Amino acid sequence: MSIFNNPPRGEIAQALWSQRRAWVVVALFSMVVSVMLLTPTLYMLQVYDRVMVSRSELTLLAVSLISLFLFAVMGFADAMRARLLVRLGARLDAVLAERVCGAAFARGVREPEAHRAQPFADWMELRQFLTGPGILAFCDLPWTVVYVVALFLLHPLLGLVAIGFALVQAALAWWGQRRTIAPAEALSQAQAASNSYLQGKLRNAEVVEALGMARPLRQRWLGLHAHAAQRHAALQGLTHRVTAWSKYVRYAQQTASLATGAILVIHGDLTPGAMIAANVLMARALAPIDHLVGVWRGLLGARTAYARLALLLEDYPAGASRSDPRADAGLTGPVAARGLRVAAPGRSEDILQGLDFEAQPGTLTVVMGPSGSGKSTLARALAGAWPVTGGHLSTGGLRVGYLPQETALFNGTVAENIARFQAVNGKVDAPRVVAAAKAAGLHDMVLRLPGGYDTPVGEGARSLSGGQRQRVALARALYGEPGLVVLDEPNSHLDDAGEAALLQSLRGLKERGATIFLVTHRAGALALADQLLVLNDGRVRAQGPRDAVLAQLRPATAVPQALPA
């Protein structure tokens, strides 16, 4: 069976394999370029050994015209392979960019401490190497053999000299690769740590400045930056030494080839024209190896990026996307947990330990408990943001609407944020956006904004107040009429009007049969609650119908407001 019928394993390898015909065409164009590079050598031979001897201007004209034509062919082939590489980059982007983005987001959820921008930087580095000068060095490398054969045809001694210097340069490239692997990886890790630390502080620049934390945090970052700079200096020093030795070998090769040719001319084994042509040909023969040494650092970076991306895509395979909230809600069922255990991503200790509960459609479950009891962890597990580590959790096949405790809006319009940036032909579903805003009691407030629903909010939505951001996020959670709605402290920034609008939204959700989980410190929603779930240290302290749980807790807490917060 042909090798072309056996695709490799791994998503990146398969994507590269899917473009194998294009890679073959690039190799063919590279072959044409490499063959045409023999033109200067042949031209010199003809000029020195034929034209100069015959003194024929007609011969010179013919040879020159042929050479110009061959140069035009070389230029055309070079331009075509460059154009094809650009198209290859676009095709690889179409195949892999979305997967890399999805896997990076999935890892961001599962591993909050991971450097989230690294996969995107890795993909850009790999793509640039595969579609830039780096890959051309490998396309040209096999033609070193052709040039060496041509030197053997001129004289065996010239071929032996070329082989000797080729082996020296190959050994130098291998030595450089072995010596630079560890420093390159250390530099990558140091730069990632420094950039991640700095980005985290810049995201909270207001707090840092207001509390006078800029100087000590800057000193810490300078320490990380200095460490990265030391790693960079070490790698650069090693790279420069390899480059310097490579230059020495290249210049020595030019001298040796010219001296060898001169000896052969002295003994009558070579013509002066062949001597000059051999010098050019030997330089051309060793140029791909020299070029490979020059792009070696890019090769190391691309290889490291490939390994990281392959591992990322393997750890976070492509799965079924969330149901489109624009689709009709067809699945219903109770939300139930049996022995539910949940841990924070990247940690082994369970936060929730053996929870059992059940919630029917059309009911409101209020989750209460002291800080650190696991309320937000339960909300994240119900929304699917955090994985279940033990037990069983069933959401009844319901589509989920989720309002996290930390409100996050994104750069775009109010309408785009409410619509979760889902658009058809660049336009959001306006009726559903308005319906979600009305369900959240937000419609009138949006109309008072300068641009209405088209008002840009900017990254982080700092142009809106905390209460406005929270109400927009609530409307986003209600977009598409999800069957399961999980609200984590949705009233933490609301005034009285916002609180009243929230309660009205909860009534509307119950009337249309949604299953609601509300995490709150306030007792205002207790009047609408069908059942209470009180947590403490990750375990259920009390649960059941609202009145029964209140009666159970009343001896310890005289009034609802004094319930465990």
Side-chain angles (χ1 to χ4, degrees), residues 329 332-337 357-370 373 375-376 378-379 382-383 395-396 398-405 407 435-445 467 470-479 481-535 540-554 557-565:
T332 60
V335 176
F357 59 83
E358 183 173 310
Q360 296 294 331
T363 62
L364 169 61
T365 301
V366 174
V367 183
M368 306 181 72
S373 61
K375 303 185 300 299
S376 293
L378 175 59
L382 288 168
T395 57
L398 298 170
R399 298 183 183 94
V400 181
Y402 176 49
L403 172 60
Q405 187 175 21
T407 303
K438 288 182 177 179
L442 180 69
H443 180 66
D444 293 337
M445 187 202 80
Q470 200 159 42
R471 293 175 70 177
V472 171
L474 175 61
R476 179 179 61 192
L478 304 184
Y479 179 76
E481 298 186 349
L484 171 60
V485 179
V486 182
L487 308 176
D488 190 356
E489 298 289 352
N491 49 4
S492 58
H493 297 289
L494 299 182
D495 54 16
D496 292 340
E499 182 87 16
L502 173 63
L503 296 178
Q504 184 60 37
S505 298
L506 295 175
R507 293 188 187 97
L509 290 171
K510 292 181 63 176
E511 290 174 359
R512 71 171 178 83
T515 305
I516 315 161
F517 282 81
L518 172 65
V519 177
T520 182
H521 283 95
R522 301 184 184 181
L526 288 178
L528 298 178
D530 296 286
Q531 63 176 350
L532 299 183
L533 180 61
V534 183
L535 301 181
V540 176
R541 175 182 174 184
Q543 69 172 4
R546 177 194 59 194
D547 294 338
V549 173
L550 290 177
Q552 178 183 348
L553 296 177
R554 191 163 290 120
T557 56
V559 293
Q561 287 81 350
L563 285 171

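Everything numeric in this text was worked out from a predicted model, so none of it was measured.
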Is there side-chain contact between Val519 and Leu487, with heavy atoms separated by less than 4.5 Å?
-> no
Kindly compute the distance separating CG (Leu442) from CG (Leu502), expressed to the nearest 0.5 Å.
-> 12.5 Å
Leu382 versus Val400: any side-chain heavy-atom pair under 4.5 Å?
-> no
Calculate, to the nearest 0.5 Å, the distance between atoms CD and CD belonging to Gln543 and Glu358 respectively.
-> 10.0 Å
Considering only heavy atoms from C-beta outward, does the side chain of Met368 approach that of Leu526 to under 4.5 Å?
-> yes
Using a 4.5 Å cut-off on heavy atoms from C-beta on, say whether the side chain of Val335 contacts that of Leu398.
-> yes
Could you tell me which non-hydrogen atom of Pro482 sits nearest to which non-hydrogen atom of Arg512, and how far apart they are?
-> O-NH2, 2.9 Å
Drop me the distance from Glu489's CD to Gln405's CD, to the nearest 0.5 angstrom.
-> 5.5 Å
Sequence-distant partners of Phe357, ring-ring contact (aromatic ring centres under 6.0 Å, His included), two or more places apart | Phe517
Shortest non-hydrogen contact from Ala383 to Tyr402?
-> CB-CG, 3.5 Å
For Lys510, does the NZ atom sit with more than 12 other heavy atoms under 6.0 Å from it, leaving out its own atoms?
-> yes
Examine distances only and state if a side-chain atom of Lys375 and a backbone atom of Leu518 form a donor-acceptor pair shorter than 3.5 Å.
-> no
To the nearest 0.5 Å, how far apart are CD in Glu499 and CG in Leu503?
-> 5.0 Å
OG1 on Thr363 to CZ on Arg546, rounded to 0.5 Å = 12.5 Å
For the residue pair Leu532 and Leu550, establish whether any side-chain heavy-atom pair is separated by less than 4.5 Å.
-> yes
If every non-hydrogen atom of Gly513 is compared with every non-hydrogen atom of Pro361, which pair is closest and at what distance?
-> O-CB, 3.6 Å
Side-chain contact test, heavy atoms from C-beta onward, threshold under 4.5 Å: evaluate it for Leu478 versus Leu509 and give yes or no.
-> yes
Minimum heavy-atom separation for Ser505 to Gly441, with atom names?
-> OG-N, 4.0 Å
Of the non-hydrogen atoms in Ser373 and Leu535, which two are nearest, and what is the gap between them?
-> CB-O, 3.6 Å
How close do Ala437 and Ala475 get, heavy atom to heavy atom, and via which atoms?
-> CA-CB, 4.0 Å
To the nearest 0.5 Å, atom CZ of Arg471 lies from atom CG of Asn491 at 12.0 Å
List the steps and the verdict of side-chain contact (heavy atoms from CB on, under 4.5 Å) for Leu528 and Ile516.
-> CA-CA 11 Å; Leu528 298 178; Ile516 315 161; over 6 Å; no
Backbone of Val549 reached by a side-chain donor or acceptor of Gln531 within 3.5 Å = no
